[in-house]
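To start, the structure itself, in structure tokens.
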Amino acid sequence: MEKIFLRILDMSMTGSYVILFIMLARLLLRRFPKIFSYALWSAALFRLVFPFSLKGAFSLIPSEAQTVPRDIIRAAGIPNGGDAVFSGGGANVSLALDAAAGTDPMQIWISSGTAVWTGGALLLLCCSVIATLRLKKRLKHSKHLSGNIYETDGMKTPFVFGIVKPRIYIPANLSENEKSYIIKHEETHIKRFDHIIKPFAFLTLCLHWFNPLVWAAFYFMSEDMELSCDESVIRKMGSGIKKDYSSSLLSFSAGRTIGPCPLAFGESNPKGRIKNILNYRKPEFWIVVLALAVVSAILIGLVTNTQVNYKTVDDYAREYLDSEVGMYESYFSVEDSKIVDLEKLHSFDQLTGYDIELWKIEYRIKPGNIDEAIMAGGMNQIDGWITEDGSMGKPILVFSYENESPELLGAIRSGETGGTVSGYETALREFLERKGLLPGESYEGNHAIVDFLLSTGETARLLLSQPARQGETGIWCVERWMDGNGSVYYSDPQAASSTVYYYEEIQKEADNGHRTGLLDPEQVAYEYIIETLGQTTALGEIEIKSPATIQDFMALPESRFLGFVSDFDTQRGFFHLDRVEWLTYDDEERISELGLSKDDDMPGGFYIYNPESWPQTFEVDENTEYTILDWNRSYGDEATYTTTDASEFVDYINSYEGGFTPPFWIVKKGRYVESITEQYVP
């Protein structure tokens, strides 16, 4: 529904420009027969109803007329929280999103706008339907005169009612003279299909009810419809009826308005219509020809867009190669370059609603002197030409067909794809998310998150989703996971089909009693941690947080370490940590496992277990807090002292003599350490 709303909004923008142009044209055509002004409104109706345009060499619509920005139409689902970086071997993106990022304001705007637009359109349509049904009920006992003409006592003005079989209703007690031109007026409406055009225009108004220019267009179109119909009657029956016709029009204008759809004789600016009737003169032939030419030109210009010579895939591929050549020219002279292979790999339409194509490109670059060319990693030489694969494989160009012609969005690398259809899709999704063209979740609906420890001691996190069906009978999958540095890795099922089709087939298996373990998110998380990530955990240690949101997942997990700090480099912001295990009397199971004695090994009530020294490297920034125990009260009256000055912390460590330093608790979220806190050692 949101896509429909955005499309309506887009058409309304273009339609507004057309409406303003027609209003200006009406002023220029005010001395011409009103049938020509009436005809112009077909261009506005076309632009407001049809989500496409005709192509031509001549157009009155500037390219800026469609003013809905592309970023609104794309409606990115996650905020741009940081730089995206690749990490070798898998689909990985670092997204340093704040935990309280919340929902994208643009998405909130679109959702709210869609709800308001839908409610307004339905309300307007329902009111019209109710009014039509009431009118139909009032006409139930009308008297049939002849053909499709009926006489009624319930209405005070003549009108046409009905679409498939339109009927003309006239009030009782009309003179025969009045009946002649009034019936002729209504028959003219029917002959020109106005009884269909006006309800259709009203339905269009219901879709664009939020646009005041569309309301104005409906009013002026109805006025031009009636004015042109008046002129047709005068032209056929002669100028002698002008006075009586105007009198009837004035008297019937005092009647009750009967709604937007029926064609009532006395509606639509009776004062202006009377003035137009009295001033009407049958136009000369050359005026009709001139008006026809002008209106035809305007109509063509308003319903067409200028034909643009769009770039082809080959054009974009050549431009991509030229950009690569420019990069190499900073290292050596380039004599020639050529594309040796340009092949379409796959097309996806389920991600964005329009086609996204992946094209493999392979090229050759010929240096002026091959002996002077520096052969970096991934570069090879074939018959004097250099071919470049790169550490992540060959480039794959990504093309969007959002506007029916290719647009190069960028490039991914073959090493990111795994060579399967689902691998291409996963790499493409990650690429589109980085560009803000997709929300930061692969599957809408239910989510769950699981935190677990990696072998490095860092806390990692899984995001689980239900890809095929929501609820108790839906299977679960791990769609992505985050390591302790905040880097996000996308899960690829390595299937020969799209992920949607793959999981639909798995869902069918579960429905038939197979692979039922996928119905349990805890079991899915356990198997992913053990089999896919190669980490160790116990099934009972997994704690599922559900329901969860993408914001819950993107909140960086907290990792805690205890160890001895060394080699602190305040300039570069790095230090080493020799991790230890802190045991107290309460850790009876672990004490027994290590074969320790509380009396002999833990005289102070604790034990520092450090069998091997394998320092890990950690990174701090200007916000890292350092908390030390102030034994000498050098920093004040408190027993602890906290600072963000790394030099003070290093000075404190260096104050210890004999090589012994206390252990410190390290709290890390994402790339940087949040805090370093001294552990009290009795």
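Values below: all heavy atoms of this structure, side chains included; hydrogens, waters and symmetry mates excluded.
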task = Kindly indicate, with the supporting measurements, whether the criterion side-chain contact (heavy atoms from CB on, under 4.5 Å) is fulfilled by Glu433 and Tyr490.
result = CA-CA 11 Å; Glu433 285 185 19; Tyr490 294 66; 2.7 Å; yes
key: Working for salt bridge (Lys or Arg N to Asp or Glu O under 4.0 Å), residues Glu430 and Lys435   = CA-CA 9 Å; Glu430 184 241 349; Lys435 283 189 165 292; over 6 Å; no
query = What do the steps show when you test Asn276 against Glu231 for side-chain contact (heavy atoms from CB on, under 4.5 Å), and what is the final call?
reply = CA-CA 8 Å; Asn276 184 68; Glu231 292 178 350; 3.2 Å; yes
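For the residue pair Ala43 and Ile22, the shortest heavy atom distance occurs at CB-CD1, 4.5 Å. In terms of heavy-atom proximity, Ile8 sits nearest to Leu207 at CG2-O, 3.6 Å. Between Leu40 and Ala25, the shortest heavy-atom contact is CD1-CB, 3.8 Å. Heavy atoms only, all atoms of each residue included: Leu397 and Ala317 are closest at CD1-CA, 4.0 Å. Annotation for His195 and Gly162: closest pair CD2-O, 3.5 Å, computed over non-hydrogen atoms. Listed here is the closest heavy atom pair of Arg273 and Asp230: NE-OD2, 2.8 Å.
Distance CG/Leu203 to OG/Ser128: 7.5 Å, rounded to 0.5 Å.
Tyr363 is linked by a side-chain hydrogen bond (donor to acceptor under 3.5 Å, both in side chains) to Glu324, Glu388, counting only residues two or more places apart in sequence or in another chain. By the side-chain hydrogen bond (donor to acceptor under 3.5 Å, both in side chains) test, Tyr38 is found to be paired with Asp194, residues two or more places apart in sequence or in another chain being considered. Taking the side chain to side chain contact (heavy atoms under 4.5 Å, CB included) definition, one finds that Val421 meets it with His346, Phe348, sequence neighbours left out. For Ser296, the side chain to side chain contact (heavy atoms under 4.5 Å, CB included) partners are Leu292, not counting sequence neighbours. Residues that satisfy the side chain to side chain contact (heavy atoms under 4.5 Å, CB included) test with Leu290, not counting sequence neighbours, are Phe32, Trp286, Val294. The ring pair (Phe, Tyr, Trp, His ring centres under 6.0 Å) test applied to Phe5 returns Trp117, not counting sequence neighbours. Residues satisfying the ring pair (Phe, Tyr, Trp, His ring centres under 6.0 Å) test with Phe220, not counting sequence neighbours, are none. Under the rule for a ring pair (Phe, Tyr, Trp, His ring centres under 6.0 Å), Phe193 has no partner lying at least two apart in sequence or in another chain. Applying the ring pair (Phe, Tyr, Trp, His ring centres under 6.0 Å) test to Tyr150 and every residue at least two apart in sequence or in another chain returns His144, Tyr169. Under the side-chain hydrogen bond (donor to acceptor under 3.5 Å, both in side chains) criterion, Lys344 pairs with Glu357, sequence neighbours left out. In this view, Ser337 and Arg318 satisfy the side-chain hydrogen bond (donor to acceptor under 3.5 Å, both in side chains) rule, not counting sequence neighbours.
In this structure, Phe159 and Phe161 have perpendicular ring planes: the angle between them is above 60°, well past the 30° mark. Classified by interplanar angle (parallel below 30°, tilted 30° to 60°, perpendicular above 60°), the ring pair His189/His185 is perpendicular.
Within the structure, the salt bridge (Lys or Arg N to Asp or Glu O under 4.0 Å) test picks out the following pairs touching residues 24-40 (sequence neighbours left out): Arg26-Glu223, Arg26-Asp224.
Under a cut-off of 6.0 angstrom, the local environment of OH in Tyr401 is crowded, with over 12 non-hydrogen atoms contributed by other residues, nucleotides or ligands. Counted within 6.0 Å of NZ on Lys242, heavy atoms from surrounding residues, nucleotides or ligands total more than 12; the atom is thus considered enclosed. With a 6.0 Å radius and a threshold of 12 heavy atoms from other residues, nucleotides or ligands, Gln470 has its CD atom above the threshold.
A salt bridge between Arg429 and Glu479 is absent, with no side-chain N of the basic residue lying under 4.0 Å from a carboxylate O of the acidic one.
In the model, Tyr503 has no side-chain atom that pairs as donor or acceptor with a side-chain atom of Gln466 under 3.5 Å. Donor-acceptor pairing under 3.5 Å is lacking for the side chains of Ser465 and Asn446.
The shortest distance between side-chain heavy atoms of Asp355 and Phe399 does not fall below 4.5 Å. Counting heavy atoms from C-beta outward, Leu60 and Thr304 have side chains that stay 4.5 Å or more apart.
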